[in-house]
Every structure is written in C-alpha cells, then in structure tokens.
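The sequence lines fix the lettering, A, B, ..., with proteins before strands; numbering per chain opens at 1. Source: prediction; values computed, not measured.
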Amino acid sequence: MSSIANKKGFGATVWDYMTTVDHKKIGVMYLIAGTFFFVLGGIEAMLMRIQLMKPNNDFVSAGFFNELMTMHGTTMIFLAAMPLLFAFMNAVVPLQIGARDVAFPFLNSLGFWLFFFGGIFLNLSWFLGGAPDAGWTSYASLSLYSEGHGIDFYVLGLQVSGAGTLISGINFLVTIVNMRAPGMTYMRMPLFTWTTFVSSALIVFAFPPLTIGLALMLFDRMFGANFFDHTMGGNTIIWEHLFWIFGHPEVYILVLPAFGLFSEIFATFSRKRLFGYSSMVFATILIGFLGFMVWAHHMFTVGLGATANAIFAVATMLIAVPTGMKVFNWLLTMWGGSIKVTVPMLYALGFIPSFVAGGVTGVMQAAAPLDYQLHDSYFIVAHFHYVIVGGIVLALFGSAHYYWPLMFNQMLSEKLGKVTFWLFFIGFHCTFFVQHFLGLMGMPRRVSTYDAGQGLDLFNMISTVGAVLMAIGVITLVVNVVITAVKNEKVGRDPWGDGRTLEWAIPQPVPFYNFRQTPLVRGLDTYWIEKQEGNEEGMTYAEPLSDIHMPNNSILPFMMTVGLFIASFGALYNMDADKPWSIYLLVGGLGMLFVCMFIRSFKDDHGYHVHVEEILAEEERLYGKKGGND
Amino acid sequence: MDMNKQFTAQTWPDHPEQATLEGKNKFVGFWIFLACEVVLFASLFATYLALKNRGPASMGEEFTTQNLFELPLVFVMTMVLLTSSLTSVYAMYHMKNHNFKGTQTWMGITVILGAVFLALEIYEFNHYVHLGFHYSQSAFSSAFYTLVGTHGAHVLLGLCWISSLIIRNSKRGLNLYNAPKYYVAALYWHFIDVVWVFIFTVVYLMGAM
Amino acid sequence: MMRKFKKWRLVALLATMTVFLTACGEEYLSTLTPAGKVGQEQFNLLLLATAIMALVIIVVCIIYFISFIKFRRSVIGEDVIPKQVEGSHTLEVIWTVIPIILLLILAVPTVMATYELGDTSGMDAVDENGDKRALTVNVTAKLYWWEFEYPDLGIVTSQELVVPTNENVYFNLIAADVKHSFWIPAVGGKMDTNVENLNKFYLEFSEESARLKDGVFYGKCAELCGPSHALMDFKVKTLKREDFNAWVTAMQNTQNRTVAADVQAGEEAFVANGCIACHATDAIATTPDDAYASNALGPNLATFGDRNRVAGVLDHTEEEVVNWLQNSETLKPGNLMPMYDDVPKEELEAIAAYLMSLSVEQE
Amino acid sequence: MAHHEEVIVRNTTEFQYERQRRADQMKMQVVTFALMIFLTLIAFIAVNAGFSPYYVTPIILLFAGIQVVLQLYYFMHMNEKNMGLISFFMWSGIFITFITMLCFVTIIWWNTAW
Ligand code: HEA
Ligand code: HEA
Ligand code: CUA
Ligand SMILES: [Cu+2]
C-alpha cells in the first residue's frame with residue numbers, strides 16, 4: 001500500500017476520502033458536512049424569521065412552519081453543532097495528546113458516515129412527502145398523531161446518526177485513555193482534550209435513553225406497540241422523560257467542548273497558562289455529573305408534583321456554580337496576561353458576556369414557579385440561543401479561525417474575520433435579546449404567526465433584522481474561506497506564535513502519520529515549555545525513529561452505512577400497506593450491512609508499516625529536507 | 001508486536017487480551033460499550049416498570065404479571081444461562097493457559113447453552129401469544145416483549161458472534177490478534193447474564209408476587 | 001455597612017427594573033403586569049431573579065473590562081512574557097461560595113413558592129352544607145379549542161372562560177387528543193394538559209377584565225399541538241362574584257331558550273346542516289361525572305353572542321362567522337370542523353345571525 | 001504505532017506458579033458460581049413460598065445486586081488492578097440506572113386515581 005499521496009485525479013481524491021480512516025481527513029469531512037447542515041439549518045431559521053417578521057404574515061403556511069421549526073432545531077443540534085465539534089475533536093485531539101490516530105480508525109470512519117447518511121436521510125423527508133413537524137422534542141402525543149412519514153424520518157434518521165455519535169464517543173474515550181503520549185498524565189491534558197473526554201462520556205450515557213425512546217416510538221408507529229397510547233395503558237410522559245434524560249446532557253455534550261476550545265484560545269492569546277487548571281478540570285467533570293440529575297427542569301409544567309419540581313429546581317441551580325468557576329478562571333487567565341485581539345480571541349471575548357447572559361437566564365428558568373411563566377415562551381428561545389449561539393457557535397467560528405492553519409496550513413483573513421465577527425455578534429444580540437421580552441410579554445414559542453395589536457410587532461421585526469445580519473456574517477465567513485483557499489498561502493508551524501499545546505509543535509503540513517516519533521510530554525502546555533527552553537525542534541521525543549504502524553483504509557464503513565441507509569427506507573415504507581416492495585429494501589439493505597460486517601470480521605486486518613526510509617522520503621517531499629521542523 | 005506470531009503456553013502473556021495496543025483499546029472500548037448498555041437496559045427496565053400491568057380497560061385479569069408468568073420455566077432458563085456464564089469463564093481460563101482446544105470447546109458449550117435458553121424463551125413467548133397476550137395487546141405487553149425481547153436479541157447476537165469466532169479462528173489458532181476478540185465476547189456473554197439476573201428478579205419474581 | 005449598601009443597591013435596581021419591565025407588553029397578555037396572586041408571586045420571583053442575575057453580569061463585566069483594558073498586548077508591550085500563574089485557592093473559594101449564597105437567596109423563595117402553587121387541597125374543601133367552597137373548572141383542551149366545564153354548577157362553556165375575581169379558582173386540566181398547555185400570561189403561569197393524567201392547579205384573578213382593551217384577558221396554548229397551535233387562543237372574562245353568580249344562573253337557564261323570531265330561520269338551518277351534531281346550543285353540562293375529558297365534538301355555542309372572537313382568533317362579526325363556515329380549514333389548518341363552502345351564502349348568514357343571538361349577557 | 005515488544009520469557013517455576021494461580025482463581029470462580037446458583041434458588045423459593053412482598057422484594061433485589069457484583073468483579077474481573085476507570089464508568093452507568101428507575105416508578109403515574 002503506497003502511503004504517499006502524490007498528485008491525484010478528482011476521482012482518486014474522492015475515493016481517498018470515502019475510504020480514509022485518517023482522523024485529520026475525517027475531521028475535514030465533519031467540517032464540510034457540518035457546515036453544510038449549519039447553512040441548511042440557518043436557511044430554515046431565516047425562513048422562520050421572515051415569516052415572523054410581521055404579524056399575520058403568510059410567507060409560509062402553518063404546517064410548513066412547523067416543519068421548518070422542527071428541522072431547524074434537529075438539524076442544528078444533531079447535524080450541525082455536534083458534527084462541527086467532532087470536526088475539531090478529530091482534527092485536534094489526537095495531535096494534542098501525541099497519538100498516531102484515534103483508537104479505532106475504522107469505527108471513526110463508520111461514525112462519520114453514519115452521521116452523514118442519517119442526516120441526509122432526515123433531510124430527504126423534504127422531498128419525500130413532508131418533514132417531521134412535531135418539534136425537535138417530538139413529544140409523543142403529537143408525534144403519534146402526526147400524519148405522513150415525517151416522524152418516521154425523524155426517528156430513523158436520528159437513530160442512524162445517533163449510532164454514529166455513540167461510536168465516536170466511545171472512540172474518543174478510548175483514544176484519550178489509551179493513546180496519550182508518554183508523560184501526558186491526565187492532569188497534563190489540554191483542556192480541549194479534557195472536555196472532549198467528559199463530553200464523550202456524556203454521549204455514552206445520554207444517547208442510550210434516546211435510542212430507546214426512538215425505538216419505542218418506532219415500535220408504536222410500525223408494529224402497533226402501545227408505549228405512548230394512553231387508551232391502551234401507555235404513557236406519553238415516558239417519552240418526555242427519556243427524551244430529556246438524553247436532551248439535557250446533550251446540551252452539555254455540546255457546550256463542554258466549546259468551553260474547551262475557548263480555554264485553548266484564552267490561554268494562547270493571553271500568553272498565559274490557563275488559570276486554575278485543576279479546578280477547570282474538576283468543574284468540567286462536575287458539570288457532566290450534575291447534568292444527569294436535572295432533566296426534569298424541562299418538565300416543570302407537566303405536573304410532576306411540587307416535590308419533584310423543587311428537587312429538580314435546586315439541582316439545576318447548582319450547575320451555575322461549576323460553570324461560574326469556569327467563567328472566572330477564564331477572566332483570571334486574561335488578568336495579568338498579554339491579550340492579543342486576534343479573530344479567535346475576539347470570539348472568545350464575545351463569548352463571555354453572551355454566554356453568561358444565557359446562563360443566568362437558565363438559572364431563572366430553574367426557579368420552577370417562575371418557569372411556569374417562562375416555559376414554552378420566547379424567553380426559552382432567547383435563553384438557549386444565548387447559550388448555544390453565544391457559546392457553541394461562537395466557539396465553532398472562533399476555532400475555525402484558530403485551527404484553520406492547523407487543518408489546512410493556511411490562515412483565514414483576519415480583516416474579513418473581524419467583519420464576520422461584528423456582523424454576527426451584533427446580529428446575534430439583536431435577534432435574541434428582544435426575544436426575552438417577547439416571551440415575558442406573552443408570546444408562546446413554536447407559533448407560526450401572531451396577531452397584530454398584541455404589542456409583539458416591533459420586537460419581532462428587530463429580531464428578524466438581527467437574523468439578517470447574522471446571515472450576512474455567515475456569508476462573509478464563507479467568502480473568507482473561499483478567498484483563503486484560492487490564495488493558498490502556506491503559513492507553517494505555530495502561525496499564531498503563541499501556541500502552547502502539542503498540536504502546534506507538529507510541522508506543517510502534518511504528515512499522514514502525525515508525529516514522526518512519539519513525543520515526550522514534560523508538563524502542561526508542553527510546547528510552550530519546549531519553546532521557553534529554546535528547543536528548536538519543539539518537542540522532545542520519547543523513542544527513536546522507527547517503523548510506524550498504520551491502519552489500512554477501508555470502504556467497508558461507507559458500504560455498511562449505505563446498507564443501513566437503504567434498510568431505513570425499507571423500514572419507513574414498510575408501514576404503508578401499498579408498498580410491498582419495501583421489504584426488499586429492508587432485507588437487501590440489512591443484507592448488505594451484514595455482508596460487510598462478515599467481511600470485516602473474517603478478514604484479519606493488521607494494518608501496515610511505514611518504514612523509516614519511507615518516513616524520511618515523505619519528509620523530504622513535504623518539507624524539502626529531512627527532519628522537517630521549520 | 002507481530003499479532004499473528006505463534007506462542008507457546010510458556011511465552012503466552014499473562015493478559016493476552018491486553019498485550020497489544022489494539023487489544024487494550026478493544027478491551028477499554030468494550031467495557032465502555034457495556035456501561036452504555038447498562039443505561040440502555042435501564043431505560044427499558046424503567047419503561048417496563050412504569051407500564052407494568054397497564055392496559056386498556058378491557059385487558060382483563062388474566063394478562064397481569066401474577067397470572068401470566070410461570071416460574072418453573074423461568075427457573076430453568078435462569079439455570080441454563082447462569083451455567084453458560086460459568087462455561088465461558090472456563091473458556092477464558094483455557095485461553096489464558098494457551099489451550100486453544102479448551103477455549104473452543106468451552107465456547108462451543110456456551111453457545112449450546114445459549115441456544116437452549118433462546119429456545120425456551122421462544123417457547124415462552126409463543127405460549128403467551130397463544131393465550132392472547134400478543135405484542136399490541138396492551139402497553140404492558142409491549143413493554144414486556146420489548147424488554148425481554150431485547151435481552152433475547154442480545155443472546156442471539158452473542159450466539160452469532162461467538163459461533164463466528166469459533167469458526168473463523170478454527171484454522172488460525174490462538175494469537176494476540178484474536179485473543180481480545182474471545183475475551184470481549186466472553187465479557188459480552190457475562191453482561192447478558194447480568195441483565196438476565198435483573199430480568200428474572202424484577203420482571204418475573206417481582207411480577208409473580 | 002457593606003450589607004446596607006448592597007441592599008440599597010438592590011432596591012434601586014429592582015425599582016428601575018420594575019419600571020422598565022412593565023413598560024412593555026399589553027396588560028391583558030403580558031406576564032409583566034400580573035393581575036392575580038399567582039402571577040404576582042411569579043413576577044416577584046422574576047424581579048428577584050433578574051436582580052441577582054444583573055448583579056452577576058455586572059460583576060463579570062467589570063472584571064472582564066478591567067482585564068481587557070489593562071492587559072492588552074498593545075498596552076503592555078509586544079515581548080512581555082506574563083507570569084505563568086497556576087491559580088489561587090482563595091479566589092476559588094470566593095467564587096464558589098458567593099454564587100452558592102446567591103443561589104440560596106433564589107432557591108428558598110423558589111421552593112416555598114413551588115409548594116404554595118402546587119397546593120390544590122383547597123379544591124376539595126367543603127362548607128358546613130357539604131358544598132364545595134371553591135370554584136372548580138374542568139378544562140379540556142382539544143385540537144384548537146378549549147372547553148370549560150363547571151362540574152359543581154352543571155354548566156359548560158367553551159373558548160371563553162368566565163371566572164369570579166379575588167378568590168382561588170381551581171382547574172382540572174386534561175387534553176382530549178394531543179397534549180396542549182393552558183396559559184393565561186397576565187394571570188399566572190401555565191400547566192400542561194396531558195392526555196393521560198389529570199393535572200390540577202389554581203389561579204387567582206384580582207381584576208375585572210371589563211376595563212381591558214377587549215374586555216378580556218388573553219389565554220394561549222403553550223404546547224406545540226399541530227399546524228394551528230398558534231391560533232389556539234382563548235379568552236378570560238373575570239367578573240365580580242355577584243356578576244359571576246348572575247352569569248351562572250343565566251347559563252343554567254339556557255335549556256330550551258326561546259329563539260328570537262328574526263333568527264329562527266338560522267336555527268333551522270343550523271339543525272338542518274347537522275351543526276347540532278357537534279355543537280350544543282345550551283350550556284348544560286353533559287359530561288358524565290367520572291370522566292374528566294369531555295367528549296364534545298365541537299365548542300359549545302350557548303354563549304356565542306357574548307364571545308370576543310370567532311374560533312378564538314377571528315373578529316367577532318357575522319361576516320367572519322360566514323367566513324369561518326366557508327373557509328374553516330384554511331383559516332385554522334388541521335381543525336376538525338368540516339367546511340361548509342357549498343351551503344348557500346344566505347343560509348350561512350342566517351346561521352351567523354342565529355349564533356350571534358345566542359347570549360346570556362344581553363337581554 | 002511502534003510496538004515495544006515485551007517478550008515474556010518465563011522460567012519453568014514462574015510458569016508453574018502462573019498456572020497454579022490461574023487454577024486457584026478458577027476454583028474461586030466455581031465457588032462464585034455456586035453462590036450465584038444458591039442465591040437464585042433462595043430467591044425463587046422465597047417467592048414461591050408466598051411471603052409478603054414487602055419482605056421478599058427487598059431481599060430478592062439485594063440478591064440480584066449481589067449476583068451482579070459477583071458477575072462483574074469475579075467473572076468479568078473488575079476486581080483486578082487497572083480497572084479503576086472501568087469501574088468508574090460501570091458505576092456511573094449503574095448510578096444513572098438508579099435515578100432513572102427511581103424517577104419512572106415515582107413520577108410517571110403521579111396521579112393514579114385517574
Ligand atoms: C448549550 C446549551 C445549553 C446550556 C449550556 C444551557 C445551560 C443551562 N440551562 Fe438551558 N436549555 C438549552 C440549552 C442549554 N442550556 C436548550 C436547547 C433548552 C430548550 C430545549 C427545548 O425546550 O427545546 C434549554 C432549556 C432550559 C430550561 C427549560 C426551560 C423550559 O422549557 O421551561 C431550563 C430550566 O431550568 C434551563 C436551565 C439551564 C441552566 C440552569 C443552565 C446552566 O448550565 C447555566 C449555567 C451558567 C451560568 C449561570 C453563567 C455563568 C455563571 C456565573 C457567572 C456564576 C454566578 C452565577 C450565578 C450565581 C447565577 N435550560
Ligand atoms: C445549535 C443550535 C442552534 C443554532 C445555531 C440556531 C441558530 C438560529 N436559530 Fe434556532 N433553534 C434551535 C437551535 C439552534 N438555533 C432549537 C433547538 C430550536 C427549537 C426548535 C423547536 O422548538 O423544536 C430553535 C428554534 C428557533 C426559533 C423559534 C422557533 C419557534 O419556536 O417557533 C427561532 C426564531 O427566531 C430560531 C432562530 C434562529 C436563528 C435566527 C439562528 C441563527 O443563529 C442562524 C444563523 C445562520 C444562518 C443565518 C445561516 C446563514 C447562511 C445563509 C443565509 C446562506 C448563505 C450560504 C452560502 C453563501 C453558501 N431558532
Ligand atoms: Cu394546543 Cu398548542
Ligand atoms: Cu436542560
């Protein structure tokens with residue numbers, strides 16, 4: 001197997017990506033697919049905002065609005081935010097811990113394809129008879145009542161992409177547990193690695209309830225089970241619990257890696273060690289832990305009783321404490337540092353007040369009796385967009401700028417980046433700040449329109465204008481990416497000059513086998529230490545240069561997913577009496593899956609070795625000299 | 001480490017399943033997967049408990065846990081599955097001693113016991129369905145079949161998995177590439193047993209009272 | 001000293017906030033102008049919470065701006081390597097303890113209010129004659145309309161809830177088809193109407209609604225329930241107890257009302273077109289006592305003439321009634337009433353006139 | 001990944017010792033198994049004997065708990081060293097199981113009158 005990627009045709013490149021098990025390439029694929037879905041979700045949001053621009057608008061129909069709203073939430077959470085975070089986890093974490101790759105490269109690829117095809121499946125519903133329309137929470141009574149196949153697309157699509165997420169979660173856990181370079185103890189791991197670790201653990205525990213919930217719903221719709229049919233003894237509240245036992249940890253699954261990314265950015269551009277590192281780690285774990293004990297704060301108005309509400313209210317409030325620890329640690333990281341306002345830092349600076357504002361409204365909602373007023377009103381919409389957009393999306397945009405040189409060896413334009421930031425940031429506050437008041441003024445969420453003369457017109461207009469600004473911001477970002485790609489100026493290693501962690505020590509472009517020799521980690525911020533000691537090489541190696549063992553590429557993950565994709569259509573149409581052919585799809589798709597699994601398990605796959613001469617040749621090719629660090 | 005290398009009992013490492021990085025990854029990854037399965041079954045158990053004996057007004061007394069379950073059959077099933085857990089321990093014992101034949105044989109016995117268990121379960125389900133207690137009969141029936149059936153599906157998967165291990169490796173012999181495969185399959189089998197312990201306690205015994 | 005200062009700041013903050021918050025929103029709809037005990041309590045909690053949160057944001061922003069202003073690279077110089085501090089235990093303790101204290105300040109009234117608002121024992125209280133002391137209303141939420149039954153009074157109405165002021169009114173809430181949520185923003189927080197469980201809660205209405213813009217408070221459905229979720233409004237009329245009693249008596253007398261001569265044609269058309277199959281025209285409750293969810297197919301129209309809106313959202317005019325009868329599906333997508341677009345317009349107008357005459361408030 | 005080959009060269013004494021240790025361990029497993037069978041038997045008998053569920057339920061749940069711990073720690077070797085992380089994950093899962101079940105048996109049908 002030739003490892004050296006020389007000039008290739010388009011087809012060969014596509015094939016390369018379809019079969020790759022390289023975490024760096026998979027990271028790029030997550031980035032592309034995630035961006036695609038983000039833009040899709042954003043367009044859905046824009047359509048909603050246009051509809052809500054003025055009272056009694058009829059830009060879209062009520063039914064279509066519900067589809068937009070449902071797909072916006074689902075797409076953004078499952079298909080945009082999470083994959084984009086996975087993009088950075090894939091691109092960065094193995095390098096941060098000095099690993100060759102993730103623990104299960106094959107599964108990494110499988111995870112990506114499952115997510116991707118799950119997302120495609122879900123979005124095909126637009127063309128195949130209607131998208132899901134029961135909200136991203138898909139509460140059981142409405143989703144069972146909903147006609148057509150929308151909900152089935154939701155259930156099967158999320159099931160498939162959820163499986164991919166679960167696989168990725170386990171993969172990152174094992175990677176971080178087993179593949180750290182010598183010397184990288186747990187308390188020397190960069191914070192992004194730590195948050196990836198905790199977030200993956202949350203995935204492992206939070207996704208099974210969703211899987212079960214979705215399965216129960218599928219059984220109700222497909223096989224006449226009665227889990228949620230109260231006339232048959234079922235109970236729809238079961239769905240609500242299962243969904244939120246998943247759903248609440250899910251928001252921390254999203255926000256913790258974002259915290260990690262910001263931690264890296266703050267330390268780098270304050271030229272200072274992260275303040276209170278160990279308490280940051282502790283807070284991360286604590287948030288993860290508490291995150292599992294508060295889910296019922298989404299159900300205060302369901303009527304669980306005063307005692308349950310009181311317990312969950314207080315438990316929820318507790319989360320403010322570890323989160324506050326983090327906020328103050330970031331502030332103190334800047335304090336006494338040397339703050340350079342680059343674009344990533346700008347995003348980090350914008351993040352603090354935005355996220356705190358979103359967090360504290362969360363605590364307000366945690367006060368159960370107050371939540372009786374706030375629940376299902378626009379106040380909630382304002383809260384979660386403040387934490388999600390002000391936390392996660394800013395983190396994603398900031399890290400896109402921050403890690404662009406690591407992933408592509410190019411630097412996004414700082415000038416355009418600042419334009420993007422200000423457009424997006426102002427637009428964001430404009431859109432969502434007024435929504436707090438809309439909620440308090442009595443506007444329920446998930447409404448396709450509202451009547452004039454209820455005092456809601458002005459703020460809705462402001463909100464829409466803000467959304468337009470955000471859209472322009474996103475477009476400038478895309479323009480920035482295109483310009484940068486066309487210019488194609490290489491920037492080399494540690495382009496920010498202040499890189500602290502191992503990923504910045506690796507020469508650019510990163511060879512496919514990552515580090516030529518496994519590095520030795522001598523402390524927190526190991527690259528910073530080496531730089532301070534004047535080590536030109538940027539790292540100390542833990543082993544002599546020797547053959548490198550690499551995993552083989554494989555098309556099987558792709559094929560397995562295609563099998564599952566086909567089978568999902570079979571399952572979906574199997575509910576219709578008039579589509580007898582669907583059973584062939586189901587059986588055929590599953591057959592394809594099993595054949596692939598059979599091949600995988602009956603063929604020994606030992607990977608291959610890159611010999612020392614090949615390593616040297618590759619370095620010669622990449623850097624024009626051996627050794628390679630410049 | 002050459003994973004296909006042939007060992008003797010004397011050079012065979014103490015923890016063959018974790019002697020390679022791949023093995024170690026598989027080991028940790030599989031345990032984490034099991035932790036994930038714990039929560040998966042938790043959701044099913046919780047749903048079952050919430051829907052136990054719930055049905056439409058017309059469900060009738062005969063389809064409650066008290067009247068439906070037959071403990072003797074469940075007892076036999078439990079014994080069979082518990083024993084199969086021990087036989088897989090034997091298989092692992094032989095694997096650690098680098099006794100490939102022992103490993104294969106005991107794994108084979110495990111499969112047979114698992115198949116007996118599965119057959120009994122199918123018989124049981126079939127019996128209930130004939131009584132009229134079918135999947136759509138009530139919320140309770142749906143929850144019961146889904147919980148116990150998911151366990152049954154795990155048994156089936158375990159059977160397929162272990163049998164294909166036995167077949168695929170029959171020519172290869174024991175090495176560091178397939179030792180972790182045997183090991184995690186055995187772990188899986190124990191886990192199935194753990195779940196069953198709760199099923200017979202929570203579903204059958206607590207139901208029969 | 002410090003304490004006093006803090007308190008003073010809090011009061012000032014509260015005052016400005018109150019002014020600012022109440023400046024927005026309409027009185028009949030906004031949670032910021034509470035017209036009842038429950039809403040007031042929730043509003044107080046809102047003020048307290050907002051004050052605490054404002055404090056948090058201010059503190060964070062102060063540290064944030066100072067560090068940003070003082071420690072920019074352009075200020076301190078390009079080549080400075082800052083001291084690599086590890087952390088500070090004192091600070092850690094401070095910013096753990098202070099938030100905990102702030103949270104306690106919020107948590108105590110939260111828990112107290114949770115129990116207070118959750119206490120529906122007053123619902124079953126009886127006086128010496130064994131009569132219920134408090135008014136109870138059974139609310140059934142249905143696809144895009146609301147039914148309000150008064151089980152102890154034997155009457156039923158829909159779309160427009162009528163309640164007495166200055167006393168606790170208890171609600172039994174349930175949904176007949178999919179889940180909805182019962183919310184009167186200006187009066188108090190919401191409660192879901194589930195399909196399988198009866199929920200109970202209470203509200204108190206402190207103001208007569210007559211002086212409001214439409215003479216009513218607005219109620220909303222707050223749980224996504226299908227395409228017309230946005231249109232599932234209801235109205236709340238609050239009356240002094242005497243007026244309420246009079247209204248109840250009038251309601252109880254709606255059986256076999258005489259229909260005015262000029263709308264008799266309308267009544268006949270109403271019957272002839274089968275409307276009567278779904279819509280009752282007297283206000284006598286028929287729901288059996290043991291079932292909470294009402295099984296009425298359409299809204300009770302006994303007080304249609306007194307309504308504020310047609311079908312919850314349209315203007316209350318005869319033209320709009322006709323419009324509704326002809327276009328109900330487009331006006332409220334997914335609703336369960338058939339369209340009568342093939343019935344002659346005159347007949348529909350007659351029906352509209354008849355429906356408008358159904359009233360217990362006009363003479 | 002460059003694998004560092006740790007070739008195990010045991011002398012015969014060591015080898016015999018290892019074998020013996022494994023054999024002893026195996027005996028331990030059989031004892032564990034016997035215990036599990038015993039607990040199962042008692043549980044079935046207790047239920048069949050028709051004692052009050054208030055007594056029997058906690059007992060059989062306790063037995064189930066013991067059996068699970070036996071399976072995990074002896075059959076699945078969670079008692080060995082280097083299993084700290086794995087124990088942490090398993091117990092976290094068990095903890096979540098506990099709160100989920102607690103919630104589902106208490107607040108799903110909070111209003112049983114209906
Ligand atoms: C990234 C996503 C994210 C994050 C991080 C959070 C964080 C929090 N959320 Fe939010 N939430 C959502 C996403 C998120 N949420 C979503 C999507 C929904 C709606 C789902 C739907 O219905 O569709 C929701 C809904 C939601 C509800 C339900 C509302 C309802 O529907 O009725 C509640 C109620 O308690 C809540 C609370 C909280 C709390 C207490 C936090 C805390 O973690 C916040 C902690 C942070 C801070 C408090 C700021 C920093 C702290 C300090 C500076 C220290 C000092 C502070 C104090 C003393 C207060 N959230
Ligand atoms: C990660 C999560 C996430 C993100 C990032 C967003 C981002 C946005 N959301 Fe959010 N939203 C949710 C998660 C998210 N949302 C969830 C979970 C719900 C609840 C759903 C439910 O109730 O079930 C919700 C609901 C929701 C509502 C309430 C709907 C309702 O209750 O009726 C609204 C209304 O304003 C809204 C608006 C927006 C806007 C304006 C953005 C903006 O930030 C979007 C910005 C992005 C763009 C504007 C894209 C720009 C791109 C282009 C315009 C194309 C250009 C392309 C090229 C040149 C190639 N969202
Ligand atoms: Cu009813 Cu929304
Ligand atoms: Cu939450």
Side-chain angles (χ1 to χ4, degrees), chain A residues 99-100 102-105 107 166-167 169-179 200-201 203-213 215-216 219-220 223-235 237-239 241-242 245-246 292 549 551 594 597-598 601-607, chain B residues 1-4 18 20-22 24-48 50-59 134-143 145-147 149-150 160-161 164-165 167-169 172 175 177-178 181:
Chain A
R100 289 264 171 258
V102 292
F104 307 110
L107 290 185
L166 199 56
I167 288 175
I170 296 180
N171 203 346
F172 279 113
L173 280 175
V174 180
T175 306
I176 295 170
V177 171
N178 277 352
M179 315 257 294
S200 303
I203 289 176
V204 165
F205 292 125
F207 268 73
L210 178 70
T211 307
I212 292 299
L216 301 187
F219 293 165
D220 264 19
F223 306 132
N226 301 307
F227 294 102
F228 308 126
D229 180 354
H230 69 286
T231 59
M232 298 297 280
N235 187 316
I237 313 299
I238 289 177
W239 166 267
H241 279 292
L242 288 176
I245 291 176
F246 147 78
F292 273 97
H549 178 235
F594 287 133
M597 285 167 70
F598 183 84
S601 87
F602 274 73
K603 234 183 73 189
D604 285 5
D605 179 4
H606 295 303
Chain B
M1 198 175 283
D2 178 6
M3 294 194 292
N4 275 329
Q18 293 186 69
T20 62
L21 179 67
E22 284 73 13
K24 220 178 281 167
N25 285 346
K26 205 167 257 173
F27 178 81
V28 174
F30 196 78
W31 266 104
I32 292 172
F33 170 73
L34 288 185
C36 163
E37 289 258 85
V38 169
V39 183
L40 194 108
F41 274 102
S43 309
L44 282 174
F45 269 106
T47 306
Y48 170 81
L51 296 178
K52 181 174 162 183
N53 287 343
R54 300 273 170 179
S58 63
M59 180 162 90
H134 54 88
Y135 192 61
S136 315
Q137 189 263 343
S138 60
F140 167 49
S141 75
S142 305
Y145 285 117
T146 305
L147 170 60
T150 305
C160 297
W161 183 4
S164 53
L165 271 185
I167 296 167
R168 90 179 276 285
N169 290 321
R172 287 183 171 89
N175 57 31
Y177 182 71
N178 54 28
K181 289 180 192 268

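Nearest heavy atom pair, residue A:V177 against residue B:V28, reads CG1-CG1, 4.3 Å. The two atoms that bring B:S43 and A:P209 nearest to each other are OG-CA, 3.5 Å, heavy atoms only.
For A:I245, no part sits under 4.5 Å from any heavy atom of chain B, backbone or side chain. Looking at B:I32, both its backbone and its side chain come within 4.5 Å of chain A, counting heavy atoms on both sides. Using a 4.5 Å cut-off between heavy atoms, A:L107 makes no contact with chain B at all. Contacts between B:S138 and chain A at a heavy-atom distance below 4.5 Å involve backbone atoms as well as side-chain atoms. Neither the backbone nor the side chain of A:F207 comes within contact range of chain B; no heavy atom of the residue lies under 4.5 Å from a heavy atom of that chain. Using a 4.5 Å cut-off between heavy atoms, B:A50 touches chain A through its side chain atoms alone. Residue B:E37: no heavy atom, backbone or side chain, is found under 4.5 Å from chain A.
Between B:R172 and A:D604, the closest side-chain pair of non-hydrogen atoms falls below 4.5 Å. The shortest distance between side-chain heavy atoms of B:S164 and A:F602 falls below 4.5 Å. Proximity of B:W31 to A:I170: side-chain heavy atoms (C-beta onward) are nowhere separated by under 4.5 Å. You'll find the side chain of B:T150 stays beyond 4.5 Å of the side chain of A:I212, heavy atoms only.
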* Before giving the answer on side chain to side chain contact (heavy atoms under 4.5 Å, CB included), spell out for A:L242 and B:T47 the whole-Å C-alpha distance, their side-chain angles and the decisive distance to 0.1 Å. => CA-CA 9 Å; A:L242 288 176; B:T47 306; 4.2 Å; yes
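Taken to the nearest 0.5 Å, the CG atom of B:N25 stands 5.0 Å off from the CZ atom of A:F104. In this structure, OG1 on B:T20 lies 9.5 Å from NE2 on A:H549, to the nearest 0.5 angstrom.
The side chain to side chain contact (heavy atoms under 4.5 Å, CB included) with A:M232 is formed by just one residue from the set B:S142, B:S136, B:P56; it is B:P56. Among the candidates B:Q18, B:E22, B:K24, B:K26, the single residue satisfying the side chain to side chain contact (heavy atoms under 4.5 Å, CB included) test with A:N178 is B:K24.
Of the possible polar contacts, none joining the B:Y135 side chain to the A:N226 backbone as a donor-acceptor pair under 3.5 Å is found.
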